[in-house]
Amino acid sequence: MMRTRPLKVALLGCGVVGSEVARIMTTHADDLAARIGAPVELAGVAVRRPSKVREGIDPALITTDATALVKRGDIDVVIEVIGGIEPSRTLITTAFEHGASVVSANKALLAEDGAALHAAAEQHGRDLYYEAAVAGAIPLVRPLRESLAGDKVNRVLGIVNGTTNFILDKMDTSGAGYSEALDEATALGFAEADPTADVEGFDAAAKAAILAGIAFHTRVRIGDVHREGITEVTAADIASARRMGCTVKLLAICERAADGQSVTARVHPAMIPLSHPLASVREAYNAVFVEAEAAGQLMFYGPGAGGSPTASAVLGDLVAVCRNKLNEATGPGESAYTRLPVSPMGDVVTRYHISLDVADKPGVLAQVATVFAEKGVSIDTVRQQGKDGEASLVVVTHRASDAALSATVEALRKLDTVRGVASIMRVEGE
Ligand SMILES: NC(=O)C1=CN([C@@H]2O[C@H](COP(=O)(O)OP(=O)(O)OC[C@H]3O[C@@H](n4cnc5c(N)ncnc54)[C@H](O)[C@@H]3O)[C@@H](O)[C@H]2O)C=CC1
Ligand SMILES: N[C@@H](CC=O)C(=O)O
Ligand code: NA
């Protein structure tokens, strides 16, 4: 039976995501009410620029005082789509203290302080939902927290940042320049307020931390995640990947160690074969593989960024939280009952593509091969291309530890015949 008294929602932030949340709440009000069992009413919208015209939003709802809004006491659900650490963190905890549940898209905050937020939600008997924080519209957080709660997840691997995928895709397929592609991603609403978060890998690292924490039932913070962005990926790297039948993607990879006693979490560009499903993930789409003991391999795919796809995830959470509220229940809280250490990057084992500028003279190849052998890194293929007394040497290794690879590169740099290390990239997905 439909409850007539509406559930009241406070919206914090009305930018790319917030404006879409408000629009869908209005246009789909009847369906949302039917699915929840009570009408949901937008009771206040906190913004930074009140003079901005916001189509479809009653100007009487607009306030610049987000704190007063979350303290009102009649608010059932706070939707936080401001982003960043503060004031979002204080607003969310204040919302719990004043009786509201929270839906947030804020991966930066959850990856920094998720444990404290979960604790605050639990202390006040409220919900904290954040499907939009990882991979936009793609249902991934709730499948991991709920559908896979009976299984043992061993690996999560995928593309979790739309902006960087958009840039790499444009550079690869249309030869677009880096800056031009970044500007386009920003204009389309994919990039963070400061796009450095995207291109330097912070956004993907935050998502990796959240995914690893949920998947392995442990605590992983953004600082635990090894992070490399795409700013050093060159057109030459992409061309070299093509020659090997690969493409370059920014990947997030979270793994449970074989002995189950530790985990790793990393974000970095990697070459993957064109035949791998992740190679065909275009534009701002995301795709994530989850490998679980009983389920086997699952693939989640869809729009990973943008106002409307992200609003879809926010609204899904809103419906769930409102249903819980009507049932006087709460959904799943934090499930970090294990305390698995996060191993350093040096322990990670994978394959590498190394491009060296060397002198084009007899014995160079043997010298280089000796260094690899001494450091215990086995070579899979070598390709040499001469150019005016200099040569470019591309070495692809078998699986080796990151520590062994770093030692190899350090020793290579000391060889007189090695003029420079043009690029080092990991090779995944084989
Ligand atoms: N844009 C996207 O594709 C996605 C964004 N997200 C997350 O959603 C959140 C919002 O992102 P966007 O909407 O893209 O950012 P945005 O920058 O377009 O919107 C944020 C809004 O919050 C406002 N704001 C800042 N401080 C405020 C305050 N103290 N009180 C009230 N309003 C304030 C800003 O003026 C801005 O309009 C972030 O956490 C972001 O990481 C998550 C998934 C995808
Ligand atoms: N800036 C992010 C937005 C979604 O999380 C991205 O590009 O993926
Ligand atoms: Na999602």
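Heads up: numbering here begins at 1 and tracks the sequence. As a basis for the values below, the full set of heavy atoms in this structure was taken, side chains included, without hydrogen atoms, waters or symmetry mates. When a ligand or atom number is given, it counts from 1 through the structure's own listing order.
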Could you identify the single nearest non-hydrogen protein atom to atom 24 (N) of ligand 1 and state the distance to 0.1 Å?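 The answer is I82 CG2, 3.9 Å.
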Starting from atom 7 (O) of ligand 2, what is the nearest protein heavy atom, named by residue and atom, and what distance separates them?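 It is T163 OG1, 2.6 Å.
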Touching ligand 1 at all, [X]? Heavy atoms, strictly under 4.0 Å?
X	value
G136	no
L12	no
E192	yes

Mode of P87 contact toward ligand 1 - side chain, backbone, both, neither (heavy atoms, under 4.0 Å):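 P87 to ligand 1: side-chain contact only, backbone stays beyond 4.0 Å.
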Report the part of V47 in contact with ligand 1, treating N, CA, C, O as backbone and CB onward as side chain, heavy atoms under 4.0 Å; options are side chain, backbone, both, neither.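 For V47, the contact with ligand 1 is made by the backbone alone.
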Side-chain atoms of residues 29-47: list all donor-acceptor pairs with protein atoms under 3.5 Å, sequence neighbours left out, distances to 0.1 Å.
none

In residues 105-116, what donor-acceptor pairs under 3.5 Å come from side-chain atoms, sequence neighbours left out?
residue	atom	partner	partner atom	Å
N106	OD1	A108	N	3.4
N106	OD1	L109	N	3.0
N106	ND2	E80	OE1	3.3
N106	ND2	G84	O	2.8
K107	NZ	E192	OE2	3.1
K107	NZ	D203	OD1	3.0
E112	OE2	R221	NH2	3.1
D113	OD2	R89	NH1	2.6

Using a 4.0 Å heavy-atom threshold (strictly under), name the region of A185 that reaches ligand 2: side chain, backbone, both or neither.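 It is neither; nothing of A185 touches ligand 2.
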For L278 and G158, which heavy atoms make the closest approach, and how far apart are they?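 That closest heavy-atom pairing would be CD1-CA, 4.3 Å.
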For Y352, which of T408, D402, T397 qualifies under side chain to side chain donor-acceptor pair (under 3.5 Å)?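 Among the candidates, only D402 passes.
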Nearest heavy atom to atom 18 (O) of ligand 1 wins, so pick from N161, L69, V16, V134.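 Going through N161, L69, V16, V134 one by one, V16 has the nearest heavy atom to atom 18 (O) of ligand 1.
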Going by the closest heavy atom to atom 11 (O) of ligand 1, which one wins out of T64, V17, L109?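 Looking at heavy atoms only, the winner is V17.
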Kindly confirm or rule out an N or O of K107 lying under 3.5 angstrom from an N or O of ligand 2.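 Yes, K107 has an N/O under 3.5 Å of an N/O on ligand 2.
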Just list the side-chain donor-acceptor pairs under 3.5 Å for residues 258-275, sequence neighbours left out, or say none.
residue	atom	partner	partner atom	Å
D259	OD1	Q261	N	2.9
Q261	NE2	D259	O	3.3
S262	OG	S343	OG	3.2
R266	NH1	H268	NE2	3.0
R266	NH1	E428	OE2	2.9
R266	NH2	E255	OE1	3.3

For the Na ion (ligand 3): protein N/O/S atoms at distances below 3.0 Å: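 Protein N, O or S neighbours of the Na ion (ligand 3) under 3.0 Å, waters not counted, come to 5.
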